[in-house]
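Everything on this sheet refers to the single structure shown next.
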Amino acid sequence: MRKHFLFCGPSGSGKTSIVHYLLSQFSFMRFSVSATTRPKRHNEEDGKDYYFLSVEEFKKKIEEDAFIEWEQVYEGRYYGTLRSEIKRIEDINCSVVFDVDVEGGMNIKKCFGDNLLSVFIRPPSVEDLRLRLIARSTETPESLQKRLEKSVFELGYEKNFDNVIINSDLEESCKKAKMLVETFLRKA
Ligand code: 5GP
């Protein structure tokens, strides 16, 4: 069975930057493009960062059993991993890289077992997370508050992951993530 990779951590922890770095380093990796009902950010592309769906479209896909996992990550904001996405990547003999919330991550772990490397990306502190989210300018004061509340909950999941990277320096964290991938690939 192919090996796959899971990266979780609170919003603003830097996990997406680490995932993008790994994708630039390993040509056999492909990003699992999730479906979401949250609005598209100015720097995002439909079909590349996410498949942006209406709530109705998302619910129809739930009924069709199109998701391997899905969560209402924030109130009214659905996110899910499409089965078709995994098939698309496995069909070209590549490994899937998942960037999902911790609960979705736990479900993905159940699906792939030992063939999945799971890494939790932790910010040095919640205050640090707050500053990063403010600097990113993607949130309203309300959504920022929701993300911070959720992050405290997510930090409690750290122990369920194979590895933890404390992301105080992005360059260092990218190097660590690369080493973890290489070590995992060497394992039988
Ligand atoms: P953002 O809105 O910042 O892109 O993502 C918010 C959270 O949703 C992040 O923790 C992200 O990893 C998570 N997420 C993205 N895609 C999925 C998915 O397919 N399933 C689940 N459960 N969470 C997802």
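Atoms within a ligand are numbered from 1 in the order they appear, just like the ligands themselves.
- The shortest heavy-atom distance from F67 to ligand 1 is not under 4.0 Å.
- Note: no N/O pair closer than 3.5 Å links E44 and ligand 1 by distance alone.
- With respect to the salt-bridge test (charged N to carboxylate O, under 4.0 angstrom), the residues E63 and K60 do not qualify.
- Residue-environment remark: NZ (K59) stays at or below the threshold of 12 foreign heavy atoms within 6.0 Å.
- At under 3.5 Å, a nitrogen or oxygen of S34, whether backbone or side chain, sits near a nitrogen or oxygen of ligand 1.
- The shortest heavy-atom distance from R41 to ligand 1 is under 4.0 Å.
- Considering backbone and side-chain N/O atoms, V73 never comes within less than 3.5 Å of an N/O atom of ligand 1.
- Ligand 1 has an N or O atom lying under 3.5 Å from an N or O atom of R147, backbone or side chain.
- At least one N/O-N/O distance between K15 and ligand 1 falls below 3.5 Å.
- The shortest contact between atom 11 (C) of ligand 1 and any protein heavy atom is with D99 OD1, 3.8 Å.
- Residue R38 has at least one nitrogen or oxygen atom sitting less than 3.5 Å from a nitrogen or oxygen atom of ligand 1, judged on distance alone.
- For the residue pair R38/T36, the side-chain donor-acceptor check at 3.5 Å is not satisfied.
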